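Beneath this line is the structure, given in structure tokens, with notes to follow.
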Amino acid sequence: KMLSGLDHPNIIKIFKILEDDDYIYIIHDFCEGKDLFSFLLEHKEKITEDIIRKIINQLLTGVSYLHQNNILHKNIIPSKVLVYSSDLSSGDIQVKISDFVSNSEYFTKGELTYKSFGNKISNPLFMAPEFIEEKYDNKVDIWSIGVLSYILLIGYPPFKGKEHEILYNISHKKIHFPEYLNETKKNFLEEMLGLDPNDRLDASQLLKDQYFCASLADLPTVSMTTT
């Protein structure tokens, strides 16, 4: 029911959900590409700053739509972002946020949700600090996109180590940005990765950021070295 009324170019379209005693079957959009990072690594020689910017813009546009409909995704990680179509020779790409079944929920604007995250987050690297404290709102999705954007724009994750080390660093350490990082990119990432969710902008505000207005000549592309 949560997904039945959603219709957005950057959200996977669910046509029908069937189930039997053992399985749930989801009929949705056909996506010609792979998950996001698999696609980018396969075509890394053709990935430009313009394509990266389009991907981030589409993720924020999709999440803005979800939040306008009071829906939290809660698990935006690369494997949940599918490449719907692409023509890298002309710089075109369309991505869709997928997999709402296990984690997504409704939220009320201005109110926190109190709930244990348990084992529902499939990759701790993208987990917002407030998830660990078990009280959160829609800013958890912004954090996840911020981490994903960090990897796209810098080339490696903001946190490293084993799971318990990553979780500790997320909750206790300020994110480091390399000195060579363009100031426009740094400011953009900081607006998504504030330790306090109140310091993060929402998706509609981020879509107006200078990063999306800056000249491509001022935004040098780096190579993604890790997933």
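Quick caveat, the model's predicted, so the values are computed rather than measured.
- With Glu191 contributing its side chain and Leu201 its backbone, the two residues share no donor-acceptor pair below 3.5 Å.
- In this structure, the side chain of Lys13 engages the main chain of Leu6 through a donor-acceptor pair within 3.5 Å.
- Here the straight-line distance linking atom NE2 of His73 with atom CG of Asn75 works out to 6.5 Å at 0.5 Å rounding.
- Among all heavy-atom pairs drawn from Ala203 and Val63, the shortest one is CB-CG1, 4.3 Å.
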*Going through the distances and angles, do Asn187 and Gln210 end up as a side-chain contact (heavy atoms from CB on, under 4.5 Å)?*
CA-CA 9 Å; Asn187 291 339; Gln210 178 63 29; over 6 Å; no
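- Ring pair Phe212/Phe188 is perpendicular by interplanar angle, where above 60° counts as perpendicular and below 30° as parallel.
- Contact check for Asn10 versus Gln94: side-chain heavy atoms found under the 4.5 Å cut-off.
- The minimum heavy-atom distance between Leu207 and Ser64, with the atom names listed, is CD1-CB, 4.5 Å.
- Within 6.0 Å of OH on Tyr23 lie no more than 12 heavy atoms contributed by other residues, nucleotides or ligands.
- Using cut-offs of 30° and 60° on the angle between ring planes, the pair Tyr150 and Tyr156 is perpendicular.
- Residues Ile77 and Ile71 share a single hydrophobic cluster, defined by chaining ILVMFWY side chains whose heavy atoms lie under 4.5 Å apart.
- Contact detail for Lys46 and Ile51: the closest heavy-atom pair is O-CD1, 3.7 Å.
- Taking all atoms of both residues into account, the shortest heavy-atom contact from Val95 to Leu59 is CG2-CD2, 4.3 Å.
- Atom NZ of Lys54 has more than 12 heavy atoms from other residues, nucleotides or ligands within 6.0 Å.
- In the model, Ser38 has no side-chain atom that pairs as donor or acceptor with a side-chain atom of Glu42 under 3.5 Å.
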*Take Ser204 and Asp202 through the side chain to side chain donor-acceptor pair (under 3.5 Å) test and state the conclusion after the steps.*
CA-CA 6 Å; Ser204 61; Asp202 63 33; 2.8 Å; yes
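- Inter-residue side-chain proximity for Phe177 and Lys185 is flagged as unmet; no heavy-atom pair is nearer than 4.5 Å.
- Between the side chains of Asp141 and His67, at least one donor N or O lies within less than 3.5 Å of an accepting N or O.
- The shortest distance between side-chain heavy atoms of Ile145 and Leu206 does not fall below 4.5 Å.
- Counting only heavy atoms from C-beta outward, the side chains of Leu72 and Tyr136 approach each other to under 4.5 Å.
- Looking only at side-chain heavy atoms (C-beta outward), His8 and Leu66 stay at 4.5 Å or farther from each other.
- Smallest separation of non-hydrogen atoms from Leu125 and Pro157: CD2-CB, 3.8 Å.
- Counting only heavy atoms from C-beta outward, the side chains of Pro124 and Phe159 never approach each other to under 4.5 Å.
- A single hydrophobic cluster is seen to contain both Val81 and Leu88, as judged by linkage of ILVMFWY side chains at heavy-atom distances under 4.5 Å, directly or through other members.
- Side-chain polar atoms of Asp20 and Tyr25 form a donor-acceptor pair below 3.5 angstrom.
- For the residue pair Asp92 / Ser90, a side-chain donor-acceptor distance below 3.5 Å is found, with atom types taken as modelled.
- Distance OG1/Thr184 to CG/Leu153: 11.0 Å, rounded to 0.5 Å.
- Inter-residue side-chain proximity for Val147 and Pro158 is flagged as met; some heavy-atom pair is nearer than 4.5 Å.
- No salt bridge links Glu130 with Lys139; every basic N to acidic carboxylate O contact stays at or beyond 4.0 Å.
- In terms of heavy atoms, Phe37 sits closest to Leu152 at CE1-CD2, 3.9 Å.
- Rounding to the nearest 0.5 Å gives a distance of 7.5 Å between CZ of Arg200 and CG of Leu193.
- Side-chain atoms of Ile175 and Leu189, non-hydrogen and from C-beta on, never get closer than 4.5 Å to each other.
- Note on Tyr180: it clusters hydrophobically with Tyr211, by side-chain heavy-atom contacts below 4.5 Å among ILVMFWY residues.
- Linking Ile, Leu, Val, Met, Phe, Trp and Tyr residues whenever their side-chain heavy atoms come within less than 4.5 Å leaves Leu167 and Leu195 in two separate clusters.
- Clustering ILVMFWY residues whenever any of their side-chain heavy atoms sit less than 4.5 angstrom apart, transitively, puts Leu148 in a cluster other than the one holding Tyr84.
- Going from atom CD1 of Ile142 over to atom CD1 of Ile76 covers 7.5 Å, rounded to the nearest 0.5 Å.
- Distance alone, capped at 3.5 Å, is enough to place a donor-acceptor pair between the Asn69 side chain and the Tyr65 backbone.
- Leu82 CG to His28 NE2: the interatomic distance, rounded to the nearest 0.5 Å, is 7.0 Å.
- Distance check, rounded to the nearest 0.5 Å: CG of Asn123 to CD1 of Ile166 gives 7.0 Å.
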